[in-house]
S.K.: 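Just dropping this structure here.
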Amino acid sequence: MKDQLTILAMNTVEEIERITELEKQIWQTDTPMPVDQMLTAAKHGGIVLGAFVGERLVGFQYSFAGYNGQKAYVCSHMLGTHPDFRHMKIGEKLKWAQREEALKLGYDLVTWTYDPLELVNGYLNIHKLGAVCSTYIENCYGNMQDSLNSGIASDRFQVEWHIRSERVARRAKGELTPKAEIPKKFLMDWRTDIHNDPVPGKADWRQMQENHVLYVPVPAYFQQIKRRNKPLAIAWREAAREVFARLFCEGWAVTDVIRNDKEAPVHFYVLHKKGECMV
């Protein structure tokens, strides 16, 4: 690709109308985010960014200002990349650009949700960006009808990205934490179905702890499971809901993601007690 990627703030009607057209291409939806809503957010503490290759808009990020009664923060609501350009790590670049814009506006916290069983997003959000999570929201968006979410509860992690922290600042410089190693006793032979998709229930969740660290397995390729075996996808949703909701109530937080080799049926979330080893 000869043209260099450029990320720009979007704050006019004409610019944001281009984003709604890109939304339709990314999610095959006829109901994109209203232009007036994104425009208002962009002018009142929110952030709307577009990623361009040459003159072509190929990715975007939309955030609005949030307030919890004590502090203001950024609610990062939507981020998407055109399917033809997903090899360029545009999502990650948009997030780092979002951080820079948020810092300029005086924020120190960005929060957003994602499906905890989507490990591509988890690896980016937790391992590469340095976000942490201790909040699980059951059926966060109700019954969604888009191609990615139809037919399964929309459970979500709500992550916190403390953009002024040393944890995040080091990652912004490219200083990732060393890859954690899964204790061998947790690398068991997983019971799988005819497609080699993992079946929950093999592990005793309460025993997945060593040296004050918890390791929680989740399927490596959840989208494939949803396409091939919806009942198995629902079983994984229910299993993840049970374990993460309980662990978060007990004071644990997700601090990292470990991806095994491509053939492994599961990857792992790493959890520490809140406040411990959060770097």
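The model shown is predicted, which means the values in this text are computed figures rather than measured ones.
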S.K.: Between His212 and His272, is a side-chain contact (heavy atoms from CB on, under 4.5 Å) present by the stated rule, with each step listed?
M.R.: CA-CA 7 Å; His212 306 289; His272 291 85; over 6 Å; no
S.K.: With rounding to the nearest 0.5 angstrom, report the OH to CG distance, Tyr141 to Asp115.
M.R.: 11.0 Å
S.K.: Output, in order, the C-alpha distance, side-chain angles, deciding distance and verdict of side-chain contact (heavy atoms from CB on, under 4.5 Å) for Thr81 and Ile26.
M.R.: CA-CA 7 Å; Thr81 303; Ile26 295 172; 5.5 Å; no
S.K.: Do you know which two heavy atoms are closest between Pro219 and Ile225, and how far apart they sit?
M.R.: CB-CD1, 3.6 Å
S.K.: Test Glu250 against Arg246 for salt bridge (Lys or Arg N to Asp or Glu O under 4.0 Å), laying out the working first.
M.R.: CA-CA 6 Å; Glu250 294 175 359; Arg246 176 173 57 81; 3.7 Å; yes
S.K.: For the pair Arg167 (side chain) and Leu129 (backbone), establish whether a donor and an acceptor sit closer than 3.5 Å, ignoring hydrogens and angles.
M.R.: no
S.K.: Do Ile19 and Leu57 make a side-chain contact, defined as non-hydrogen atoms from C-beta onward lying under 4.5 Å apart?
M.R.: yes
S.K.: Would the distance check show the side chain of Tyr269 and the main-chain N or O of Pro116 forming a donor-acceptor pair, the cut-off being under 3.5 Å?
M.R.: yes
S.K.: Looking at every non-hydrogen atom in both residues, tell me the closest pair between His127 and Val257 and how far apart they are.
M.R.: ND1-O, 4.0 Å
S.K.: Quick one: do Leu109 and Val168 end up in the same hydrophobic cluster if we chain Ile, Leu, Val, Met, Phe, Trp and Tyr together by side-chain heavy atoms under 4.5 Å apart?
M.R.: no
S.K.: Would you say Val120 ends up clustered with Ile126 if hydrophobic residues are merged whenever their side chains have heavy atoms under 4.5 Å apart, either directly or through other cluster members?
M.R.: no
S.K.: Could you tell me whether a side-chain N or O of Glu23 sits under 3.5 Å from a main-chain N or O of Met33, the two making a donor and an acceptor?
M.R.: yes
S.K.: Are the side chain of Tyr107 and the backbone of Ala65 linked by a donor-acceptor contact shorter than 3.5 Å?
M.R.: no
S.K.: Got a donor-acceptor contact below 3.5 angstrom from the Thr113 side chain to the Arg156 backbone?
M.R.: no
S.K.: Can you name the closest pair of heavy atoms from Val110 and Ala102 and give their distance?
M.R.: CG2-CB, 4.3 Å
S.K.: Checking the side chain of Asn139 only, and the main-chain atoms of Ser154 only, is there a donor and an acceptor separated by less than 3.5 Å?
M.R.: yes
S.K.: Counting N and O atoms only, with roles assigned by atom type, does the side chain of Arg237 sit under 3.5 Å from a partner on the main chain of Ala153, one being a donor and the other an acceptor?
M.R.: yes
S.K.: Once side-chain hydrogen bond (donor to acceptor under 3.5 Å, both in side chains) is applied, what residue pairs with a partner in residues 41-58 remain, sequence neighbours excluded?
M.R.: Arg56-His82
S.K.: Mind checking whether Val254 and Val270 have side chains closer than 4.5 Å, heavy atoms only?
M.R.: no
S.K.: Would you say the side chain of Pro231 lies within less than 4.5 Å of the side chain of Asn229, judging by non-hydrogen atoms?
M.R.: yes
S.K.: Would you find a donor on one side and an acceptor on the other, under 3.5 Å apart, between the side chain of Arg99 and the backbone of Trp161?
M.R.: no
S.K.: Does any part of the side chain of Asp256, heavy atoms only, come nearer than 4.5 Å to the side chain of Tyr215, both counted from C-beta?
M.R.: no
S.K.: Does the side chain of Asp193 come within less than 4.5 Å of Leu232's, by heavy atoms?
M.R.: yes
S.K.: What closest approach, in Å, do Val266 and Pro198 show between heavy atoms, and which atom pair accounts for it?
M.R.: CG1-CB, 3.8 Å
S.K.: So do Lys226 and Gln223 actually touch side chain to side chain, heavy atoms under 4.5 Å?
M.R.: yes
S.K.: Do Ile7 and Lys93 come within less than 4.5 Å of each other through their side chains, counting heavy atoms only?
M.R.: yes
S.K.: Rounded to the nearest 0.5 Å, what separation is found between the CG atom of Leu176 and the NZ atom of Lys128?
M.R.: 7.0 Å
S.K.: Working to the nearest 0.5 Å, report the span between CZ of Phe60 and CD1 of Ile16.
M.R.: 11.0 Å
S.K.: Closest approach of Leu94 and Ala51, non-hydrogen atoms and distance?
M.R.: CD2-CB, 4.1 Å
S.K.: Roughly how far, to the nearest 0.5 Å, is the CD1 atom of Ile152 from the CG atom of Leu117?
M.R.: 7.0 Å
S.K.: Salt bridge check, Arg164 against Asp108: does any charged N sit closer than 4.0 Å to a carboxylate O?
M.R.: no
S.K.: Roughly how far, to the nearest 0.5 Å, is the OG1 atom of Thr12 from the CD atom of Glu15?
M.R.: 3.5 Å
S.K.: If you look at every heavy atom in Pro265 and Thr192, which pair is closest and at what distance?
M.R.: CB-CG2, 4.4 Å
S.K.: Could you go step by step and tell me if Lys24 and Asp30 meet the salt bridge (Lys or Arg N to Asp or Glu O under 4.0 Å) rule?
M.R.: CA-CA 6 Å; Lys24 296 175 184 178; Asp30 295 324; over 6 Å; no
S.K.: With distance as the sole test, does Asn260 use its side chain to make a donor-acceptor pair with the main-chain N or O of Ala264 at under 3.5 Å?
M.R.: no
S.K.: Is the distance from the ring center of Phe157 to that of Phe248 below 6.0 Å?
M.R.: yes
S.K.: State plainly whether one hydrophobic cluster holds both Val74 and Tyr67, where clusters connect Ile, Leu, Val, Met, Phe, Trp and Tyr through side-chain heavy atoms under 4.5 angstrom apart.
M.R.: no
S.K.: Same cluster or not: Ile194 versus Phe222, using hydrophobic residues (I, L, V, M, F, W, Y) connected whenever any side-chain heavy atoms lie under 4.5 Å apart?
M.R.: no
S.K.: Just wondering, more than 12 heavy atoms not from Lys71 lying within 6.0 Å of its NZ?
M.R.: yes
S.K.: State yes or no: do Ile137 and Phe244 share one hydrophobic cluster built from I, L, V, M, F, W and Y residues joined by side-chain heavy-atom distances below 4.5 Å, directly or via other members?
M.R.: no
S.K.: Hey, mind stepping through Glu17 and Glu21 against side-chain contact (heavy atoms from CB on, under 4.5 Å) and telling me if it holds?
M.R.: CA-CA 7 Å; Glu17 283 177 341; Glu21 290 304 312; over 6 Å; no
S.K.: Given Ser63, which partner from the list Gln98, Glu101, His77 fulfils the side chain to side chain donor-acceptor pair (under 3.5 Å) test?
M.R.: Gln98
S.K.: Tell me, please, whether Trp112 has Lys95 positioned over its six-membered ring: NZ or CZ under 6.0 Å from the ring centre and within 45 degrees of its axis?
M.R.: yes
S.K.: Quick one: CH2 on Trp96 to CD on Glu100, what's the gap to the nearest 0.5 Å?
M.R.: 9.0 Å
S.K.: Walk me through whether Gln158 and Cys133 qualify under side-chain contact (heavy atoms from CB on, under 4.5 Å).
M.R.: CA-CA 6 Å; Gln158 180 171 294; Cys133 178; 5.6 Å; no
S.K.: Mind checking whether Glu242 and Tyr136 have side chains closer than 4.5 Å, heavy atoms only?
M.R.: no
S.K.: Decide if the gap between the ring center of Tyr73 and the ring center of Phe64 is smaller than 6.0 angstrom.
M.R.: no
S.K.: State whether the side chain of Glu175 and the backbone N or O of Arg171 hold a donor-acceptor pair below 3.5 Å, judged by distance alone.
M.R.: no
